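Notes follow the structure.
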Amino acid sequence: MNERRLKTLPQLLTPLLCALALGSCTSTAPTETSPATPPSNGAFGNIIPMPDSIQSSGGSFRLTNGAGIFVEPGTAENTSIGDYLAEKLRPATGFTLEVSPAAGPPPIGNIYLTTTGVDQTLGDEGYLLTVSNDRITLAASQPAGLFRGVQTIRQLMPPAIEYSSLQQGPWKMATGVIRDKPRFPWRGAMLDVARHFFSVHDVERFIDLAAYYKLNRVHLHLADDQGWRIVINAWPKLTSIGGSTQVGEGPGGFYTQADYGDIVDYAQRRHIIIIPEIDMPGHTTAALASYAELNCSGIAPPLYTGIGVGFSALCAGKDITYTFVDDVIRELAALTPGPYLHIGGDEANAMSAAEYATFIDRAQASVQSYGKKTLGWEEIAQGHLLPGSVVQHWNSALAQQGVQQGAHVIMSPAGKTYFDMKYTSSTALGQNWAGYIEVKDAYSWDPASQLGGVSESDILGVEAPLWTETIQTMADIEYMTFPRLACFAEIGWSRSTGRSWDEYRARLGSHGPRLRAMGVNFYQSPQVPWE
Ligand code: NGO
């Protein structure tokens, strides 16, 4: 039970909303809803990730044909969010849901999205959602906050709203006020498109599903031993040769720079930043097989389609290696609006510690020279980190060395966040080197107490990787990712106090019909009372 939430909500929110004239001053006396005891009708308490505060007012809003979505101000960014919401609500309702600019709250029955005159303490992604009998008002100080709040509106609608075909209404939602903002600014999911290649369409679906649970980063693991997946114009054989294989017998594949641009744009519209990773200096067989000169021996190894790790390395002693690295980073930086480039850095066991440290120093310098910040797996903390470099914890205590150098950390502890770990010993897909991760395990941990020497203030956020050695199709991706992504999203977004597995499992169970409506092939864990 969260005492702070219970005491402060009526005192803080109602006057604030009335003062902002956001259409929330209904005559219905608000009733408090603790996150640990959602209302029995579930409607206002089944949101994932759990909002920072919820106050339900016992009424109901009904969306009917003729309703519109009004955005204020009608900037391109706000209009795009209005359009996105309309696109999500139109198929199941069959309503036209026109999107128009507004100056002040619209008439009764409409949806109002506003960034005008909104409480700045909501931050970049926070929002204030007021559902009254008359209208839905979503206020945020930034467009990203509006976008996150739109996901809450979707989750307040009946689950059938998520079907892509016409469904039976009525389209009612419970009334109340939600004030919400995230715990961590970085909440990511990683998709390994190197071990198996996935189409632009698959990546976009992955992005869409991540957006539903308010993630804001999608990290693409674009190169590994088994495949190089992004065209680099200065080194075309990386994809023509290095992109031609994957784990097993499949033909591999790669993204053109235009494909990658489409993915970046698709993510940007969902207020998600794409983090591209080129894994180096290890995990580089695809590059080494494409260009003999990148090998210390001058001889290209054969392409690799197995699942071993730690055996390959670029040649740290050759100048051409750094020309190559700089070319790749330059082209990737030019294609990537986000501030980070991920240089990998994990398991470079085939080079000496001194060579590794030199390599990481030089790669970081290249990243910085193109105006970006470096992200790397925790091993990069063995180099000299530049200010702004971020270390991604996965399986050792090396992130502590990063913290000692002043770096921030992204928490991806393998035993909790690796979506490629099997749920149980009978899961057909996945690996188990970091253990089994049932749904309860995916929910029951806290980033700030996970690794000694890495505390809340050191942590930029969390990220869950899906490595794809055993994952071949979108259905496989969905099975390993869901429902664990929902658990993970709550760890990244919601406050840690008052969290309870017993409360959460019921809330997650209520997402069964939503995931089914979206066509998600999720693992129906026996730990969860699925509806
Ligand atoms: C490790 C390894 C990856 C594997 C993954 C499989 C990291 C950072 N490096 O995680 O190459 O694919 O495990 O679980």
Side-chain angles (χ1 to χ4, degrees), residues 188-198 217 219-229 242 245-248 252 275-288 304-314 340-351 356 360 363 374-383 390-399 401-402 409-423 427-437 441-442 450-451 462-472 476-477 479-481 484-485 488:
M190 190 205 85
L191 181 62
D192 170 10
V193 295
R195 270 50 180 274
H196 281 97
F197 180 67
F198 296 93
R217 305 282 186 270
H219 166 181
L220 294 176
H221 185 76
L222 289 166
D224 210 300
D225 290 309
Q226 299 86 347
W228 186 287
R229 307 299 180 203
T245 48
Q246 59 183 4
V247 169
I275 312 296
E277 176 188 355
I278 298 295
D279 202 349
M280 359 180 232
H283 288 268
T284 40
T285 305
L288 296 168
Y304 181 68
T305 59
I307 62 166
V309 292
F311 57 88
S312 57
L314 296 170
Y340 288 100
L341 300 186
H342 200 305
I343 61 166
D346 57 322
E347 300 175 313
N349 308 337
M351 68 172 40
Y356 178 79
I360 295 300
T374 301
L375 190 60
W377 299 106
E378 61 202 351
E379 288 93 329
I380 69 163
Q382 298 167 112
V390 173
V391 170
Q392 186 165 8
H393 164 64
W394 65 284
N395 193 39
S396 76
L398 283 170
Q401 273 173 241
V409 178
I410 290 171
M411 295 297 287
S412 302
K416 301 291 182 189
T417 68
Y418 269 31
F419 290 155
D420 57 317
M421 291 303 120
K422 291 173 184 287
Y423 292 96
T427 309
L429 300 168
Q431 311 197 55
N432 64 1
W433 67 261
Y436 299 112
I437 309 179
D441 307 312
Q450 182 64 24
L451 184 63
V462 291
E463 193 174 286
L466 178 61
W467 302 96
T468 60
E469 285 94 335
T470 67
I471 309 300
Q472 301 189 48
D476 293 352
I477 290 178
Y479 188 80
M480 298 305 276
T481 305
R484 289 185 289 203
L485 185 140
F488 169 79

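Predicted model only: the values in this text are computed from it and were never measured. Ligands are counted one by one from 1 in listed order, and the atoms in each one are counted from 1 as well.
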Note to self: Within the 3.5 Å criterion, strictly below it, is a donor on W394 or E379 matched to an acceptor on the partner's side chain?
What the structure shows: yes
Notebook entry, point to check: Polar-atom distance check: R195 versus ligand 1, any N or O pair below 3.5 Å?
Noted result: yes
Next item on the list: Kindly compute the distance separating CD (Q392) from CG (L375), expressed to the nearest 0.5 Å.
Entry: 5.5 Å
Notebook entry, point to check: Any idea which atoms of ligand 1 are less than 4.0 Å away from a heavy-atom of D420?
Noted result: 6 (C), 14 (O)
Checklist line | Trace of the side-chain hydrogen bond (donor to acceptor under 3.5 Å, both in side chains) decision for Q246 with H196 | finding: CA-CA 5 Å; Q246 59 183 4; H196 281 97; 4.7 Å; no
Next item on the list: Any chance you could measure M411, atom CE, to E463, atom CD, to the nearest 0.5 Å?
Entry: 12.5 Å
Next item on the list: With atom 7 (C) of ligand 1 as the reference point, say which of Y418, W433, F419 has the nearest heavy atom.
Entry: Y418
Checklist line | CG-CE distance between N432 and M421, expressed to the nearest 0.5 angstrom | finding: 7.5 Å
Note to self: If I take atom OG1 from residue T470 and atom CD1 from residue I307, how far apart are they, to the nearest 0.5 angstrom?
What the structure shows: 8.0 Å
Item checked: Enumerated ligand 1 atoms positioned under 4.0 Å from heavy atoms of M421 -> 14 (O)
Checklist line | Nearest non-hydrogen protein atom, atom 9 (N) of ligand 1 | finding: D346 OD2, 2.7 Å
Next item on the list: Scan side-chain atoms only and decide if Q450 and H393 contain a donor-acceptor pair under the 3.5 Å cut-off.
Entry: no
Margin query: Using a 3.5 Å distance criterion without hydrogens, assess whether the side chain of R484 forms a donor-acceptor pair with backbone atoms of A464.
Written below: no
Item checked: Nearest-contact summary for atom 2 (C) of ligand 1 - protein heavy atom, Å -> E347 OE1, 3.3 Å
Item checked: Which of the ligand 1 atoms, numbered from 1, are nearer than 4.0 Å to a heavy atom of H283 -> 11 (O)
Next item on the list: List the closest protein heavy-atom neighbour of atom 1 (C) of ligand 1: residue, atom name, distance to the nearest 0.1 Å.
Entry: W394 CZ3, 3.3 Å
Item checked: For W377, the ligand 1 atoms whose distance to one of its heavy atoms is below 4.0 Å -> 8 (C)
Note to self: With heavy-atom distances below 4.0 Å as the criterion, list the atoms of ligand 1 near Q431.
What the structure shows: 6 (C), 14 (O)
Next item on the list: Find all atoms of ligand 1 within a distance of less than 4.0 Å from any non-hydrogen atom belonging to E469, and give their numbers and elements.
Entry: 4 (C), 6 (C), 12 (O)
